[in-house]
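One structure is given below, encoded as structure tokens.
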Amino acid sequence: MSGDTCVQTWPCSYYLELEKRWVPGRLSLTSLSLKFMADKTRETLVSFPLSSIIEIKKEASHFIFSSITILERDHSKHWFSSLQPSRNAVFSVIEHFWRELLLSESGAAAEAASSSMTKGKELTCLMACTQKRLEDTARVLHHQGEQLDGISRGLDKMESDLDVADRLLTELESPSWWPFSSKLWKTPSETKPKWDASMADSKAFGKEGIVIQVPAIISQRTESHVKPGRLTVLVSGLEIYNSDSLLMHRFEREDVDDIKVHTPYEISIRQRFIGKPDISYRLISAKMPEVIPILEVQFSKKIELLEVAMMLGSTRTSSLAEKGYSVWHAASGLMDQATHCEPSSGSQEGRPLQLQTSEPVISEEDTQELGQILRKLKGLALDTETELERQDEALDGITEAVDRATLTIDKHNRRMKKLT
């Protein structure tokens with residue numbers, strides 16, 4: 001519990017039932033636990049996991065002071081008052097993480113099972129997380145490829161329009177007595193609706209392409225006024241909804257000026273304006289660690305990891321790497337022992353017995369599951385490589401088409417200046 005990431009810390013007071021007094025201090029929330037530390041003694045007076053909570057309520061102490069009460073399974077009741085910035089803000093964040101923990105697949109049993117997790121399970125979890133990140137990246141890359149295809153179709157339509165303009169200019173430049181001038185610029189009418197339909201379909205699909213949706217606690221301008229809602233990451237931008245599924249604001253992809261990652265669970269999104277206030281939203285979510293890697297792909301030049309988030313991210317990466325190395329090292333050592341072990345001499349007879357009595361580091365079930373995940377990762381990597389190569393070719397074609405269109409437009413401009 002101590003190694004968990006701190007989400008938020010609030011100044012408040014805690015009621016000591018035995019001494020019948022309020023103690024000022026700070027209430028700290030992590031993704032799995034709550035704890036209160038006194039200001040004077042720096043002593044942790046209470047600490048309990050979120051999975052042990054059965055009820056969170058807003059109450060009034062002595063009918064005057066607004067408080068938050070938390071009831072545990074053993075019927076221990078905790079009172080917190082004088083909450084800053086506001087009772088509603090603190091209550092919304094704590095309730096959000098508590099509900100998300102109860103609704104998560106691991107649930108309350110994840111913390112108890114983590115202590116008995118084998119090295120094979122740890123390695124499987126690491127590989128499963130890697131697979132999920134690669135799937136999210138492949139999904140974003142696929143939508144990006146569809147946008148490039150839409151740009152290519154737009155450039156083809158532009159070249160067709162420039163051909164029409166060329167024929168019209170040729171008619172204007174030709175003498176009035178030339179008999180074939182009225183037929184130079186006519187084009188088949190059936191080609192335009194076909195392009196419009198395909199472009200409309202691709203445009204509608206791109207706007208509705210949802211990458212991920214997560215519940216979140218949303219605040220705007222002041223942290224004391226928060227409300228529950230959800231964050232939707234689209235291919236074309238970001239959307240923020242309230243608890244009634246009403247759209248609060250939509251950020252187009254090009255409208256987002258910066259995204260700041262304060263912690264692995266908290267981000268802020270801002271759109272700057274000149275002459276009027278900026279539009280800024282601050283979002284806290286228990287599932288924000290799943291969203292941040294996708295935002296890093298979509299807004300690589302606009303996202304900023306603050307110092308706390310960078311330290312936590314580097315710590316997590318190093319710890320995962322150490323775990324992965326230790327598992328592979330242990331597995332490889334076990335395989336070497338099993339390969340080189342031969343019952344040839346009396347001094348070597350103890351080694352096979354030791355291998356038979358000791359528990360395997362990676363079980364047969366974990367090995368099969370790892371093999372399946374690795375095969376999926378290989379397939380995803382090959383598909384991603386193919387899509388990247390296709391998009392590189394599409395970008396080359398777009399560059400050539402833009403150059404041709406630029407030269408044609410310059411040529412038409414010079415011809416129009418001669419006519420005027």
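Since we're looking at a predicted model, the values are computed, not measured.
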Q: Would you indicate whether the side-chain heavy atoms of Ile218 and Asn242 approach each other to under 4.5 Å?
A: no

Q: Identify the heavy atoms of Leu50 and Thr30 that sit nearest to each other, and give their distance.
A: CD1-O, 3.9 Å

Q) Looking only at heavy atoms, what is the nearest atom pair of Ala38 and Val23, with distance? A) CB-CG1, 3.9 Å

Q: Verify the neighbour count for atom NZ of Lys227: are there more than 12 heavy atoms of other residues, nucleotides or ligands below 6.0 Å?
A: no

Q | Short N-O contact, Asp257 and Arg270, less than 4.0 angstrom | A | no

Q: Please test Ser236 against Arg250 for side-chain contact (heavy atoms from CB on, under 4.5 Å), starting from the C-alpha separation and ending with a verdict.
A: CA-CA 10 Å; Ser236 56; Arg250 176 186 173 91; 2.8 Å; yes

Q: Search all heavy atoms of Cys6 against all heavy atoms of Thr9 and return the closest pair with its distance.
A: SG-OG1, 3.5 Å

Q.
Please enumerate all residues that pass ring pair (Phe, Tyr, Trp, His ring centres under 6.0 Å) together with Tyr241, with sequence neighbours excluded.
A. none

Q | Inter- and intrachain pairs under side chain to side chain donor-acceptor pair (under 3.5 Å), touching residues 388-398, at least two apart | A | Gln144-Gln391, Asp149-Arg390, Glu387-Arg390, Glu387-Gln391

**Q.** Lys/Arg cation over aromatic Phe273: Lys276, 6.0 Å, 45° cone
**A.** yes

**Q.** For Pro264 against Ile292, the heavy-atom pair lying closest together
**A.** O-CD1, 3.6 Å

Q.
If I compare all heavy atoms of Ser13 with all of Pro24, which pair ends up nearest, and what's the gap?
A. OG-CA, 4.0 Å

Q: Show your working on side chain to side chain donor-acceptor pair (under 3.5 Å) between Glu146 and His142 and close with a plain yes or no.
A: CA-CA 6 Å; Glu146 292 181 345; His142 174 70; 3.0 Å; yes

(Q) Between His96 and Ser285, is there a side-chain heavy-atom distance shorter than 4.5 Å? (A) yes

Q) Hey, is CD on Glu135 packed in by over 12 heavy atoms from elsewhere, all under 6.0 Å? A) yes

(Q) Go through it in stages, so that I can follow the logic: the residues are Thr263 and Gln8, the test is side-chain contact (heavy atoms from CB on, under 4.5 Å), and I'd like the CA-CA distance, side-chain angles, deciding distance and then a yes or no. (A) CA-CA 9 Å; Thr263 69; Gln8 285 277 307; 6.0 Å; no

(Q) Between Tyr15 and Lys20, is the side-chain contact (heavy atoms from CB on, under 4.5 Å) condition met? List the steps. (A) CA-CA 7 Å; Tyr15 185 70; Lys20 304 294 182 183; 3.4 Å; yes

Q.
Run the ring pair (Phe, Tyr, Trp, His ring centres under 6.0 Å) test against Phe36 and tell me which residues pass, sequence neighbours left out.
A. Tyr14

Q: Could you tell me whether Asp136 and Lys132 have a side-chain N and a carboxylate O separated by less than 4.0 Å?
A: yes

Q.
Are Cys12 and Leu83 packed together at the side-chain level, in the sense that at least one heavy-atom pair is separated by less than 4.5 angstrom?
A. yes

Q. So which heavy atom on Ala138 is nearest to which on Thr384, and how close?
A. CB-OG1, 4.1 Å

Q. So Asn413 and Met416, side-chain contact (heavy atoms from CB on, under 4.5 Å) or not? Walk me through it.
A. CA-CA 5 Å; Asn413 287 335; Met416 285 188 291; 3.4 Å; yes

Q.
Are the side chains of Leu238 and Ile259 in contact, using a 4.5 Å heavy-atom criterion?
A. yes

Q: First locate atom NZ of Lys411, then atom CZ of Arg414, and finally report the distance between them rounded to the nearest 0.5 Å.
A: 8.5 Å

Q. Is any side-chain N of the basic residue among Lys157 and Asp161 closer than 4.0 Å to the acidic one's carboxylate O?
A. yes

Q: Tell me yes or no: between the side chains of Thr69 and Glu59, is some donor less than 3.5 Å from an acceptor?
A: yes

Q | Residue pair Ser76, Asp74: steps toward the side chain to side chain donor-acceptor pair (under 3.5 Å) verdict | A | CA-CA 6 Å; Ser76 299; Asp74 58 357; 3.1 Å; yes

Q. Below 4.5 Å, heavy atoms only, C-beta onward: do Val90 and Leu29 meet side chain to side chain?
A. no

Q | Flag if over 12 foreign heavy atoms under 6.0 Å of NE2, His249 | A | yes

